[in-house]
Amino acid sequence: MTKIKRINDDLIGALRGLLGDRVSASEAVREQHGHDESYHEGHAPDLVVFPETAEEVSEVVKLCAARDVPVIPFGTGTALEGGVAALHGGVCIDLMRMNEIVRVNTEDMDVTVQPGVTRKQLNQHLRDTGLFFPIDPGADASLGGMTATRASGTNAVRYGTMRENVLSLSVVLADGRIIRTSRRARKSAAGYDLTRLFVGSEGTLGVITEITLRLQGIPEAVTTAVCTFEGVEPAIDTVIATIQSGIPVARVEFLDAVQMQALADYSDLDYPIGPTLIFEFHGTENGIAEQVEMVKAIAGDFGAPEFHWVDKPEERSHLWQARHDSYYACLALRPGAKGQATDVCVPISRLAECIQETRKDIDESGILAPIVGHVGDGNFHVVLLIDMDDKDEIARCKAFNERLVMRALAMEGTCTGEHGVGYGKIDFLTAEHGEAVSVMRALKMALDPKNIMNPGKIIRV
Amino acid sequence: MTDTLKPENADQLFDALQWAAAEGQSFDVRGHGSKLDFGRPMQAALGLDLSGLNAITAYEPSELYMTALAATPIADIKAALRQNNQQMAFEPPDMGMLYGGEQGGGSIGGAIACNLAGPRRVQVGAARDHFLGFHAVSGRGEVFKSGGTVVKNVTGFDLSKLLAGSFGTLAVMSHVTFKVMPAAEKTRTVLVPGLSDDQAMNAMAAAMGSSNDVSGAAHLPASAAARSGVSYVSGAGVAVTALRVEGPGPSVEHRCRALTALLNEFGEIEELHSKNSADLWQEIGDAGVFMEGDAAAGDSGTDQIWRLSVPPMDGAGVVERILGETGAETGGRVFYDWGGGLVWLGLKASPDASHEVVRGAVKPTGGLATLIRADAGVRRRVPVFEPQPGALGDLAKRVKGGFDPNGVLNPGRMVEGV
């Protein structure tokens, strides 16, 4: 990679003048800000800055823009496609000091936060309001990062992803100007939907400095069930029939036998080891009872045995924490290995076929790789556990991943349902979108003509 | 009358836009022309008539999506879905009555390009939230596709969301793919009669905040209610607040009972069953019936119609302020949808559509106002869409420049000179 080297004493001095000691060039800090939780190679930025206001972010961007220095926003560093790697060097903007919950509007069910607030911090704050924020990726990620990567989680079947739940944004543009994308009213007909243009833009169009999110009422009743199947096929067929019937399940997660073993070991989860579905229902007592009956009938048609009910709140939170920790549980299956989480998503009607072909492919490739997924959306992850010292294994995993993506694309699916492109999937984007990549490039050039906003991610300019 | 090109397929559409991009031509783009009067009058050299792009190209009910050519009539799509007991959950409204055209005239591409959604928006989101992917040709004459058939993807910029609500100013879509959902087995509407606008906002907020999955919340002040074609509503003689519940039979009955208990303090509750419910929510989504004058009573109707988007609890206050300041005799042409967050307001014609008063009232709430109907002269002078100040307006111009740098598509439809 060529480094654009315009970091000099003049820039460092200007940043120190602005932020004082909230500018770091120490190797440890830089190294820590150059990588995420994935196997993708990290690239340390030249400097890390820690602004506390949108105005400071704006000034940092202006100083960098004047010198053509790249700017890379950073939250919790828990992403999976190398999005924070400073491929061309530059200044990393760590936004975690901007962690205030600015305003909760309980009547209109929305909240405005700074980007460094994490999803758990927000829900902790909302505890007494009767409201909650449903998007829950595995990590306790920052809401700025979740917005930038259009994150998702286990609740997407009922509540959608960040795409449906971000109402408005403040963004620092590539020239340092601060904009508010829309007003508080939910229906925005003032012009182009700029809010959603920034949701999922991975820092390539601007730095998000404030987010207004839709909240949900905490349901009157919640019921969770764990159901173990004889094989993968009946489990997935149960999910497909449930979704096609329009039953409003809140969560439906699939975990294969390898993954269940990993959770038993890592999180002391005590359920039978086999292909498993975890269902959760939200609503009124009565409404839930009816949904449960319908799902039980469907599962029964596919030969499912008992539903194990998880009624106690502490047991339920243990179960979901275990599910959220599944990536770490996978890593623990093979100490020393690095994880690569694939992320394809296919139309629900093709899901059983896609998972089965993939399972067969894993077995034939001789790789250790549990499968876990938000199957209600057609999205599943294969966690490839790779010995990074074994070149042959790395090559086999790479080839497997390419076959998986092409399999999903052939089924009219996508290479990434929720993890994003970063620099890890940049080549798949052309395979999936073709000409749209040049349209995205034109858009990127229109908004960031100097290509200083997180360069080398999503599209190459 | 400008000349019009009429491509019969996606290839001819591509040729037309390549030619226009090369020759410096411009187009006003239409499907069936049912919403041509929505937006600013355009200054295009030629018309581009997409009505030849008319077919459902992919529909397997079990896959829960449909792909259709852009000008496929909504009526045809609804008919195909009905056969499989499915629906477009976002309820694209029929603007025929509002714009004086025929009813049942709109196309799916038009509904998505204008990001139109009906009463169920409070529960399931806008048209854009159901819009999965498309094939299109940009103003540069490039063919591209984005999104696909899955409900989640994070592959780069979300171009689908950008095209929804772009009024044909960025690219011309040839194919659109959107979610379809199973239709509800049963629909009921809980009616609360006699509430003031303020009381109604509170009642709707209580219902929406409950666990009863309300899929429509509208308030018809007395004079609006009287215009309804549903006799239970028009015969009430007072204002009617309506809350819709959909789903499997026993669940709907249970939730109606729960809502009745919740709203008892607001007054005597009544219920509408399936057919009347469907008719009422169609009227609310289409809005025309509540906005038009009654010819038999010698009333020529309302000339200018605003659609105000406000935080739900602020709707009634905004209307009070506008009517107080304009002193307009509205003929009762106001009603509220989306739990109070959407206000339809008809005002007697004036040369500036009272836009300063209207926008002045809406602005402090963080809302915005769209001039849905006025004659062309007014729409040329008065911003139809909420003006975007400073850097935001510049950003929108850059987005336009990214797709259509030479202003080939619908010039001036959203913003003068863009």
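Bear in mind the structure is a predicted one, so any value in this text is a computation, not a measurement. Sequence lines set the chain letters: A, B, ... in the order given, protein chains first and strands last, and positions in each chain run from 1.
By the 4.5 Å heavy-atom criterion applied to side chains, B:Asp158 and A:Arg150 are counted as neighbours. Counting heavy atoms from C-beta on, the side chains of B:His254 and A:Thr284 come closer than 4.5 Å.
Both the backbone and the side chain of B:Lys363 come within contact range of chain A, with heavy atoms under 4.5 Å apart. Interface residue B:Val151: backbone and side-chain heavy atoms are both found under 4.5 Å from chain A. Proximity to chain B (any heavy atom under 4.5 Å) is shown, for A:Lys444, by both the backbone and the side chain. For A:Asn379, the part lying under 4.5 angstrom from a heavy atom of chain B is the side chain only. For B:Met313, the parts sitting under 4.5 Å from any heavy atom of chain A are the backbone and the side chain alike. For B:Phe403, the part sitting under 4.5 Å from any heavy atom of chain A is the side chain, from C-beta outward, and nothing else. Both the backbone and the side chain of B:Ala396 come within less than 4.5 Å of a heavy atom of chain A. For A:Phe198, the part sitting under 4.5 Å from any heavy atom of chain B is the side chain, from C-beta outward, and nothing else. For A:Arg177, the part sitting under 4.5 Å from any heavy atom of chain B is the side chain, from C-beta outward, and nothing else. In this structure, the portion of A:Thr149 lying under 4.5 Å from any heavy atom of chain B is its backbone and not its side chain. Heavy atoms closer than 4.5 Å to chain B are found nowhere in A:Ile240, neither backbone nor side chain. Interface residue B:Glu142: only side-chain heavy atoms are found under 4.5 Å from chain A. In this structure, the portion of B:Asp394 lying under 4.5 Å from any heavy atom of chain A is its side chain and not its backbone.
Judged purely by distance below 3.5 Å, without hydrogens or angles, the side chains of B:Lys152 and A:Thr161 never pair a donor atom with an acceptor atom. Defined by atom type and a distance below 3.5 Å, a donor-acceptor pair is missing between the side-chain atoms of A:Ser349 and B:Glu60. Counted by atom type alone, A:His433 and B:Thr155 present one or more donor-acceptor pairs between their side chains at under 3.5 Å.
The choice from A:His282, A:Glu418, A:Glu164, A:Glu107 that makes the most heavy-atom pairs within less than 4.5 Å of chain B is A:Glu418. Considering only heavy-atom pairs separated by less than 4.5 Å from chain B, the leading option among A:Ser152, A:Pro219, A:Gly378, A:Ala156 is A:Ser152. Comparing A:Val439, A:Thr106, A:Leu197 by how many heavy-atom pairs each has under 4.5 Å with chain B, the most go to A:Val439. Per-residue counts of heavy-atom pairs under 4.5 Å with chain B were compared for A:Val421, A:Leu447, A:Ile348; the largest is that of A:Leu447. The candidate from B:Thr169, B:Asn85, B:Val415, B:Leu132 with the greatest count of non-hydrogen atom pairs under 4.5 Å with chain A is B:Thr169. Listed options B:Gly148, B:Ala205, B:Pro248, B:Ser138 were ranked by heavy-atom pairs under 4.5 angstrom with chain A; first place goes to B:Pro248. Between chain B and the options A:Ile243, A:Leu205, A:Leu173, the largest number of non-hydrogen pairs under 4.5 Å is found for A:Leu205.
Taken to the nearest 0.5 Å, the OG1 atom of B:Thr177 stands 8.0 Å off from the CD atom of A:Glu412. Annotation: the span from A:Tyr192 atom OH to B:Asn115 atom CG amounts to 14.0 Å, rounded to 0.5 Å. Here CG of B:Asn212 is found 10.0 Å from CG of A:Asn286. Values are rounded to the nearest 0.5 Å. Atom CG of A:Leu443 sits about 13.5 Å away from atom NZ of B:Lys400, to the nearest 0.5 Å. Rounding to the nearest 0.5 Å places OG of A:Ser182 at 11.5 Å from CD of B:Glu386. Between the CE atom of A:Met109 and the CE atom of B:Met208 there is a distance of 8.0 Å, given to the nearest 0.5 Å.
Between A:Ala442 and B:Gly402, the shortest heavy-atom distance links the atoms CB-O, 3.5 Å. A:Gly420 and B:Val154 get closest at one heavy-atom pair: N-CG2, 3.1 Å. When all heavy atoms of A:Gly413 and B:Val150 are compared, the pair lying nearest together is CA-CG1, 3.9 Å. The two residues B:Met414 and A:Gly191 make their nearest non-hydrogen contact at CE-CA, 3.7 Å. Taking both residues in full, the closest heavy atoms of B:Thr149 and A:Pro347 are given as OG1-CG, 3.2 Å, listed atom of the first, atom of the second, then distance.
A salt bridge does not link A:Asp448 with B:Arg398: none of the charged nitrogens is closer than 4.0 Å to a carboxylate oxygen. Taking 4.0 Å as the cut-off between side-chain N and carboxylate O, A:Glu435 and B:Lys145 do not count as a salt-bridged pair. In this structure, A:Asp193 does not pair ionically with B:Lys161, as no charged nitrogen and carboxylate oxygen lie closer than 4.0 Å.
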### Task
Give the C-alpha distance, both sets of side-chain angles, the deciding distance and a yes or no for side chain to side chain contact (heavy atoms under 4.5 Å, CB included) between B:Asn153 and A:Thr416.
CA-CA 6 Å; B:Asn153 81 67; A:Thr416 178; over 6 Å; no
### Message
Under the criterion side chain to side chain contact (heavy atoms under 4.5 Å, CB included), I'd like the reasoning laid out for B:Leu159 against A:Met440: C-alpha separation, chi angles, the key distance, then a yes or no.
### Response
CA-CA 8 Å; B:Leu159 301 180; A:Met440 289 185 205; 4.1 Å; yes
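B:Lys397 NZ: 12 or fewer foreign heavy atoms inside a 6.0 Å radius. Within a 6.0 Å radius of CE in B:Met181, other residues, nucleotides and ligands contribute 12 heavy atoms or fewer.
Between the A:Gln244 side chain and the B:Ser62 main chain, a donor and an acceptor come within less than 3.5 Å of each other. Not a single donor-acceptor pair under 3.5 Å links the side chain of A:Glu220 to the backbone N or O of B:Ser211.
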